[in-house]
Novice: 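The structure follows.
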Amino acid sequence: MTAIERKKFFSFFRYVVYAILFLTLYVLQNTPSLFSVYGVKPILLIPAAVVFAMYEGEFVGGVFGALAGMLCDLGGFFLFGFDAILTLVFSAVSGLLTIYLLRRNLRNAFMMVFVSMLIRCCLTYFFMYHIWQYEDVASIFWDSTLWVILYSTLLTPVYFWMWRKLCGFFHKRME
């Protein structure tokens, strides 16, 4: 196997492994009562896509961010494409910030995941509850939405470690 063929093989294999990991996270995210703490379930795919873009850059991160968002849309109760567009933007911005402005470290990963989850969950809250002026709508934000943001952000070290090991493995093999 020549060096070019080996590089093409590992490039293809790398993306297949990444896609399988995102599908696995989708299954884990939509499994009833799994990771549920006091009725709050984390969103696994969006933080994983944001941290993934920190390692793979804006283009590949954006593509897999859109995939993660579409998977969230498949399992969600909101307008299809909402999470796909938002996660695409979050991932691309995360990749660009990591390339041009920020270091790739856990603190910056926490910051990017928290901001992404805050924007996503606040938009979802606004369009699903607040805009319709339900009674006592603020309690939904304080009792559910805020905890989803915090719980999803607390899983950032898992994604940071996972993508660091996996991307490091593939980048080492492709050199």
Side-chain angles (χ1 to χ4, degrees), residues 1-31 34-37 40-76 83-121 147-175:
M1 183 180 271
T2 65
I4 294 173
E5 289 174 346
R6 193 174 112 226
K7 193 171 186 176
K8 284 182 182 180
F9 171 75
F10 271 108
S11 180
F12 175 75
F13 182 67
R14 168 176 76 162
Y15 295 135
V16 168
V17 169
Y18 293 160
I20 290 171
L21 277 172
F22 276 105
L23 286 172
T24 304
L25 287 172
Y26 168 71
V27 169
L28 292 174
Q29 177 176 312
N30 290 322
T31 302
L34 186 66
F35 302 124
S36 182
V37 176
V40 176
K41 284 188 62 136
I43 298 171
L44 302 177
L45 287 166
I46 295 173
V50 170
V51 176
F52 175 74
M54 291 178 68
Y55 283 97
E56 287 295 324
E58 77 282 357
F59 182 74
V60 175
V63 169
F64 277 94
L67 171 71
M70 283 190 272
L71 291 173
C72 281
D73 286 332
L74 285 175
D83 282 328
I85 292 170
L86 282 178
T87 311
L88 167 70
V89 170
F90 295 150
S91 298
V93 168
S94 173
L96 287 170
L97 283 173
T98 304
I99 290 171
Y100 295 114
L101 190 61
L102 300 174
R103 291 184 183 163
R104 186 184 308 135
N105 58 31
L106 188 58
R107 184 183 61 203
N108 290 335
F110 268 116
M111 178 189 63
M112 285 190 261
V113 167
F114 178 75
V115 169
S116 300
M117 290 304 300
L118 183 68
I119 292 170
R120 186 259 183 208
C121 289
W147 294 109
V148 169
I149 294 168
L150 295 175
Y151 191 10
S152 300
T153 304
L154 285 176
L155 296 174
T156 301
V158 174
Y159 303 125
F160 192 79
W161 176 82
M162 177 179 70
W163 293 127
R164 182 178 62 193
K165 294 293 183 186
L166 200 58
C167 293
F169 172 79
F170 283 122
H171 286 293
K172 190 187 316 177
R173 297 287 183 263
M174 289 182 59
E175 290 177 354

Novice: Might you confirm whether atom CZ of Phe114 has over 12 heavy atoms from other residues, nucleotides or ligands at distances under 6.0 Å?
Specialist: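 Incorrect, the count does not exceed 12.
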
Novice: To the nearest 0.5 Å, what is the distance between CZ on Phe52 and CE on Met162?
Specialist: 9.5 Å

Novice: To check you understand the geometry: which heavy-atom pair defines the closest contact between Ser116 and Val50, and what is its length?
Specialist: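 Scanning both residues completely, I find the closest heavy atoms to be OG-CG2, 3.7 Å.
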
Novice: Is the shortest side-chain heavy-atom distance between Ile43 and Cys72 below 4.5 Å?
Specialist: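 A side-chain contact under 4.5 Å exists here.
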
Novice: Should Leu21 and Leu166 be marked as a side-chain contact (heavy atoms from CB on, under 4.5 Å) after you check the CA-CA gap, both sets of side-chain angles, and the distance that decides it?
Specialist: CA-CA 11 Å; Leu21 277 172; Leu166 200 58; 3.1 Å; yes

Novice: Just verifying a value: how many Å separate Phe64 CZ and Phe59 CZ, rounded to the nearest 0.5 Å?
Specialist: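 Going from CZ on Phe64 over to CZ on Phe59, the span is 10.5 Å.
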
Novice: Given side chains that start at C-beta, do those of His171 and Glu56 come closer than 4.5 Å, heavy atoms only?
Specialist: yes

Novice: Pro42 and Tyr151: which non-hydrogen atoms are nearest, and at how many Å?
Specialist: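 In this case the closest contact between Pro42 and Tyr151 is CD-CE2, 3.2 Å.
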
Novice: Counting only N and O atoms by type, is there a donor-acceptor contact under 3.5 Å from the side chain of Thr153 to the main-chain atoms of Ile149?
Specialist: yes

Novice: At what distance, to the nearest 0.5 angstrom, does CZ of Arg107 lie from OG1 of Thr156?
Specialist: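 Output value for this atom pair is 14.0 Å.
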
Novice: Please report the shortest heavy-atom distance between Ser152 and Pro47, naming the atom on each side.
Specialist: O-CG, 3.9 Å

Novice: Tell me the closest heavy-atom pair linking Leu88 and Gly62, and the distance in Å.
Specialist: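 So the minimum-distance heavy-atom pair works out to CD1-O, 3.0 Å.
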
Novice: Indicate the atoms forming the closest heavy-atom contact of Ala49 with Gly65, along with that distance.
Specialist: CB-CA, 3.8 Å

Novice: Is there a side-chain contact between Leu44 and Tyr159 (heavy atoms, below 4.5 Å)?
Specialist: yes

Novice: Taking the side chain as every heavy atom from C-beta outward, state whether Leu106 and Trp161 have any pair of such atoms under 4.5 Å apart.
Specialist: no

Novice: For the ring pair Trp163 and Tyr18, is the centre-to-centre distance below 6.0 Å?
Specialist: yes

Novice: Can you find a pair of side-chain heavy atoms, one from Leu155 and one from Phe35, that are under 4.5 Å apart?
Specialist: no

Novice: With a 4.5 Å limit on heavy-atom distance, are the side chains of Asp83 and Ile46 in contact?
Specialist: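 With C-beta onward as the side chain, the pair touches.
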
Novice: Side chains of Leu74 and Leu71: does their closest heavy-atom pair fall under 4.5 Å?
Specialist: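 Result yes, sub-4.5 Å side-chain heavy-atom pair found.
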
Novice: side-chain contact (heavy atoms from CB on, under 4.5 Å), that's the test. Do Asn105 and Asn108 meet it? Break it down for me.
Specialist: CA-CA 6 Å; Asn105 58 31; Asn108 290 335; 3.2 Å; yes

Novice: So, taking the atom named CZ in Phe169 and the one named CZ in Phe10, what distance separates them when rounded to the nearest 0.5 Å?
Specialist: 6.0 Å

Novice: Using 0.5 Å steps for rounding, measure from the CG atom of Leu25 to the CG atom of Asn30.
Specialist: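 So the gap between those two atoms works out to 11.0 Å.
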
Novice: Rounded to the nearest 0.5 Å, what separates atom CZ in Phe90 from atom CE in Met112?
Specialist: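 Interatomic distance, Phe90 CZ to Met112 CE, rounded to 0.5 Å: 13.0 Å.
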
Novice: Which heavy atom of Lys41 sits nearest to which heavy atom of Ser36, and what is that distance?
Specialist: CG-CB, 3.9 Å

Novice: Side-chain contact, heavy-atom cut-off 4.5 Å: Phe160 with Phe110?
Specialist: no

Novice: Can you check whether Val27's main-chain N or O pairs, donor with acceptor, with Thr31's side chain at less than 3.5 Å?
Specialist: yes

